[in-house]
Number of protein chains: 2
Amino acid sequence: MSAIHVAILGFGTVGKGVYEIIRTNQERLTSLFGKEVKIVGVLVKNIEKHADYDKKLFITDNFEEIISLPNLDVVIEAMVGVEPSYTYLKQAIEKRCHAITANKFMFAHHGPELLELAKNFGTTVGYEATVGGGIPIIQTLNKLLNINQVFKIEGILNGTTNFILTKMREEGLSFTDALALAQQLGYAEADPTNDVEGFDAFYKMMILSQVCFGEQPDWKNVTRVGITEVTPEKIQQYEKENVRIKHIASLTKTDEGIEAVLKPVVVPPTDPLYHIEGVENAISVYGHIVGRICLSGPGAGMFPTASAIIEDLVHAYAKSPAIVTSA
Amino acid sequence: MSAIHVAILGFGTVGKGVYEIIRTNQERLTSLFGKEVKIVGVLVKNIEKHADYDKKLFITDNFEEIISLPNLDVVIEAMVGVEPSYTYLKQAIEKRCHAITANKFMFAHHGPELLELAKNFGTTVGYEATVGGGIPIIQTLNKLLNINQVFKIEGILNGTTNFILTKMREEGLSFTDALALAQQLGYAEADPTNDVEGFDAFYKMMILSQVCFGEQPDWKNVTRVGITEVTPEKIQQYEKENVRIKHIASLTKTDEGIEAVLKPVVVPPTDPLYHIEGVENAISVYGHIVGRICLSGPGAGMFPTASAIIEDLVHAYAKSPAIVTSA
């Protein structure tokens, strides 16, 4: 039986999640694709660190050894930073591999170029995992809403900040204490800037803008305010008024262009985002005919994010007869 | 320029919504399909009632005049009852038309037969509008969750009962008074049995079961309890305990088959369904890898339901080169 040959770039939480899903769902994958899915190589920074993970797995710290693997079909990238991720995926696409990425930072910078390149090489780029973890927001926007013109998107796109705000409200913690708790639970990193200052959500917004409006706003014109100035006193005051502070990314199409604002916003209980708690993410999509639809779910984590990657893998092959027939 | 020729069966709220969307979104439809979408005929019960709607529209009470229209491409059915809807759609499919339906009652009874027939005739059946109004739940289950095995679905599938329960809680109304209000606002019919006894939600459940599990449970084994026994006293009592009664349809795949239960259920604030208010619908989907994703939005109404129908129209042609290229 032939196989789909997959390489994974980056073997942190998400990369390992992809590996585990492929390992434990072979039967289902084989029935979906009509062939096996094989992980033929993993690119890591430090080989020794991963040497004992799976003795049969080919692990290397040299991308050349990955990209020169024979019959490579798919490159899944779960690294951080623009480079070398962008260069690696370009090379993969030029070798006519399908590219799948979870790297919002890189994709906000170079998504359009990668999609264009893939089009030219007759391959695809999957990026569902860059926004909203396991929530299928990208595919919903790209495939399910066609007649509907999306004129507004609002979302809680960062689970860490939402967790901090939730804990500050529920337990009256200060920002500093709530952040420490998030770090202790592994939801926030030692340097939390990326989350609490809104950089993570900012890049996700830019990707959503690209999907919905075909372009990104000028980054200089985007309002980006983090949650560090939010106090438990303010939160408790709002709670008494039956409203809540949520860290909301908002994109609106106007006659003048795209208005993009990320900041703490006061929302009433009639807003679905009011109810999103802890590390969950949610995205409200406003279509000109359907009105408001809201998708919520796990915005991060090993398996939700890896799940989005594997769903992208299925979509990459969705045009093949095997998948179309079984749909 | 060639055109897509569409007939509409039934010209109530949903049928008129379809007509209006097609009329007012011609430019967008033409750019999506690469050709115009034309409504070539509408089947009504009473011609006189609709005679003044649009003088240029071909309106008839005779299905034979619809099905014999030259170059008919798509038949959109927005009627009630199993027959003659089922027979009409069978005839449409046998004439190689795409069929799109909003009729949950008919589709719960005969969905699999219609899908099989369409497969044999190389055409498609769209039924997004049968469940959850404008929420793209059918397409999400059919197209976006492939590697994920859905093992449980829970939903608020009937906006009328959810509106009644919301008003009973918020305003302390009795069931009777809340129902009267729903009737006054046009959310409930003169005979409310279909909604308040759960028949409407039951049929939607059966359609969801078919999509998720490839089969329906034996209808005799499905628990179906309406909301007529819920009292404002019970609701207020639960409110004090920080839980709520919601009318929830639940489908679970077990080793013994499909467990299907529709009844008033007490849910905590951590459940996304707790927060769904008024005529909104919501569906929580539990995938074995991704975990719980929740979709919420307008569960009924002229434009949300018609929006789902027109999205189905796009999907029917999604395999054509024009659509694939523009995707």
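Naming convention: chains lettered A, B, ... in sequence-line order (proteins, then strands); numbering from 1 in each chain.
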Asker: Is chain B contacted by the side chain of A/I276, its backbone, both, or neither, given a heavy-atom distance below 4.5 Å?
Answerer: neither

Asker: Mind checking the CD1-CD1 spacing from B/I293 to A/I137? Nearest 0.5 Å is all I need.
Answerer: 11.0 Å

Asker: For A/S307 and B/I289, work out which heavy atoms get closest and say how close.
Answerer: CB-CG2, 3.5 Å

Asker: Can you see which heavy atom on B/N25 is nearest to which on A/H288, and at what distance?
Answerer: OD1-NE2, 2.7 Å

Asker: Check the pair A/L29 / B/I147 against side-chain contact (heavy atoms from CB on, under 4.5 Å), numbers first and verdict last.
Answerer: CA-CA 7 Å; A/L29 287 165; B/I147 183 66; 3.5 Å; yes

Asker: Under a 4.5 Å heavy-atom cutoff, which of A/Q139, A/E280, A/Q149 has the most pairs with chain B?
Answerer: A/Q149

Asker: Which atoms of B/I21 come close to chain A, meaning under 4.5 Å heavy atom to heavy atom: side chain ones, backbone ones, both, or neither?
Answerer: side chain

Asker: Just so I understand: if I count every heavy-atom pair under 4.5 Å between each of A/I135, A/L145, A/V285 and chain B, which residue has the most?
Answerer: A/L145

Asker: Crowded around B/F151 CZ? As in, over 12 foreign heavy atoms under 6.0 Å?
Answerer: yes

Asker: Does any heavy atom of chain B fall under 4.5 Å from the side chain of A/I310, the backbone, both, or neither of them?
Answerer: both

Asker: Looking at every non-hydrogen atom in both residues, tell me the closest pair between A/R28 and B/N146 and how far apart they are.
Answerer: NH2-O, 2.7 Å

Asker: Does atom CD (A/E27) have a neighbourhood of more than 12 heavy atoms from anything else shown, all under 6.0 Å?
Answerer: no

Asker: Strictly less than 4.5 Å between heavy atoms, which residues of residues 265-273 of chain B line up against chain A? Please order them by number.
Answerer: none

Asker: Using a heavy-atom cutoff of under 4.5 Å, enumerate the residues of residues 296-304 of chain A that contact chain B, numbered in order, or state 'none'.
Answerer: A/S296, A/G297, A/P298, A/F303, A/P304

Asker: Quick test of your reading: applying salt bridge (charged side-chain N to carboxylate O under 4.0 Å, His left out), list the pairs with at least one residue in residues 125-154 of chain B, sequence neighbours left out, ordered by first then second residue.
Answerer: B/K152-B/E154

Asker: Around A/Y238, counting heavy atoms of other residues, nucleotides and ligands shown, do more than 12 lie under 6.0 Å from its OH?
Answerer: no

Asker: Does anything in residues 289-315 of chain B form a salt bridge (charged side-chain N to carboxylate O under 4.0 Å, His left out)? List the pairs, not counting sequence neighbours.
Answerer: none

